[in-house]
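Accompanying notes for the structure given below.
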Number of protein chains: 2
Amino acid sequence: MKVTKEVSFKNEKIARYARALSHPVRIFVLDLLSNQACCYSGDLSDELPVAKSTLSQHLKELKAAGLIQGEIEGPKIKYCLVRERWEEVQDMFKEFLRI
Amino acid sequence: MKVTKEVSFKNEKIARYARALSHPVRIFVLDLLSNQACCYSGDLSDELPVAKSTLSQHLKELKAAGLIQGEIEGPKIKYCLVRERWEEVQDMFKEFLRI
DNA sequence: CATACTGTTCGTATTTTTGCGAACAAAGGT
DNA sequence: ACCTTTGTTCGCAAAAATACGAACAGTATG
């Protein structure tokens, strides 16, 4: 029952990010966004075999994790990576995985 | 509804690994093992505020993900990282996160 | 052999995640 | 104004994850 608060805090943070990455649909979205600046939910809907409400939920989770953000653009919504958070994920995994 | 099989297969694989990392206890265990060759479940039990049955379940999941293995040693069980799998995780995350 | 130690499995309860269709809301075009 | 397009939220159901204590199994030690 030791585990300092800092360590457990960090572990919880990594675990939360890992949880955000723990579904193929979310991996797909993040992979796309880390490649191409932004996308529309429709683009994703065309490519992913899930109901649009389901996709919307996954996007909501990614938003909740702070990894993406949506911007209203006409009738559509443009999604982008939150670069700052993405870099944090990169750094945390880099440290955790020692790579 | 496109998404080639290879991509979805890879995404599922990353998602599965991310899922294995998606709990603070499991992060703690992996972090410890990536530092110190091996450990005993008792070492973990002393440091983590969970019932031993709960810890055992987390270890079982890490085993199921292929990330650790246990070896009976007297009355105890010695856990080690499965280096080969750990390297695969490193490589997959490295590629996914572009780091 | 009896007892202590270590760790897993079982049974159970609770919570969280996942998924879908239907209903809803906002914006644009006609 | 009306309809279409786009995407979210709601309500629900099913599945999975999390956690615990109790019971169990194996090994060692007295």
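Note that the coordinates shown come from a computational prediction; the quantities given were computed from them, not determined experimentally. So you know, we letter chains A, B, ... as the sequences are listed, proteins then strands, and number each from 1.
- Once you apply a 4.0 Å limit to the heavy atoms of chain A, the touched nucleotides of DNA chain D run 5' to 3' over D:dT6 to D:dT18.
- Put simply, CD on B:E12 is 13 Å from P on C:dT18, counting in whole angstrom units.
- As a whole-Å value, the separation of A:L21 CG from C:dT17 P is 14 Å.
- Atom NZ of B:K78 is separated from atom P of C:dG7 by 14 Å (rounded to the nearest Å).
- The phosphate of C:dT18 has neither OP1 nor OP2 within less than 4.0 Å of any side-chain N or O from A:R19.
- By the salt bridge (Lys or Arg N to Asp or Glu O under 4.0 Å) test, A:R26 pairs with A:E61, sequence neighbours left out.
- The distance between atom CG of A:L48 and atom C1' of C:dG19, rounded to the nearest whole Å, is 14 Å.
- Contacts of residues 53-66 of chain B with DNA chain D (heavy atom under 4.0 Å): B:S53, B:T54, B:Q57, B:H58, B:E61.
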- Start with the C-alpha gap between A:W86 and A:F93, add the side-chain angles, then the distance that decides, and say whether ring-ring contact (aromatic ring centres under 6.0 Å, His included) holds. CA-CA 11 Å; A:W86 187 242; A:F93 276 89; 9.1 Å; no
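- Remark: the backbone N or O of A:L97 is paired with a side-chain donor or acceptor of B:Q90 at under 3.5 angstrom.
- Within 6.0 Å of atom CD in A:E73, more than 12 heavy atoms from other residues, nucleotides or ligands are found, so the atom counts as buried in its surroundings.
- When atom types are taken as modelled, the side chain of A:R16 and the backbone of A:N11 share no donor-acceptor pair closer than 3.5 angstrom.
- Both A:K52 and A:I72 lie near DNA chain C, and the one whose nearest nucleotide falls closer to the 5' end is A:K52.
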- Message: Checking B:F28 against B:E47 for the side-chain contact (heavy atoms from CB on, under 4.5 Å) test, could you report, in this order, the C-alpha distance in whole Å, the side-chain angles of both residues, the deciding distance, and whether it holds?
- Response: CA-CA 10 Å; B:F28 181 87; B:E47 302 215 37; 3.9 Å; yes
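- When only modelled atom types and interatomic distance are considered, A:Y79 and A:E71 share no side-chain donor-acceptor pair under 3.5 Å.
- Between A:S34 and A:L81 the shortest side-chain heavy-atom distance falls below 4.5 Å.
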- Item | Full working for side-chain hydrogen bond (donor to acceptor under 3.5 Å, both in side chains) between B:N35 and A:R98 | CA-CA 10 Å; B:N35 270 329; A:R98 294 153 202 293; 2.8 Å; yes
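- Atom P of nucleotide C:dT17 and atom NE2 of B:H23 are separated by 11 Å, given to the nearest angstrom.
- Across the interface with DNA chain C, nearest-nucleotide mapping of A:G74 and A:S22 shows A:S22 to be the residue nearer the 5′ end.
- Protein atom NZ of B:K76 is 7 Å distant from nucleotide atom P of C:dG7, rounded to whole Å.
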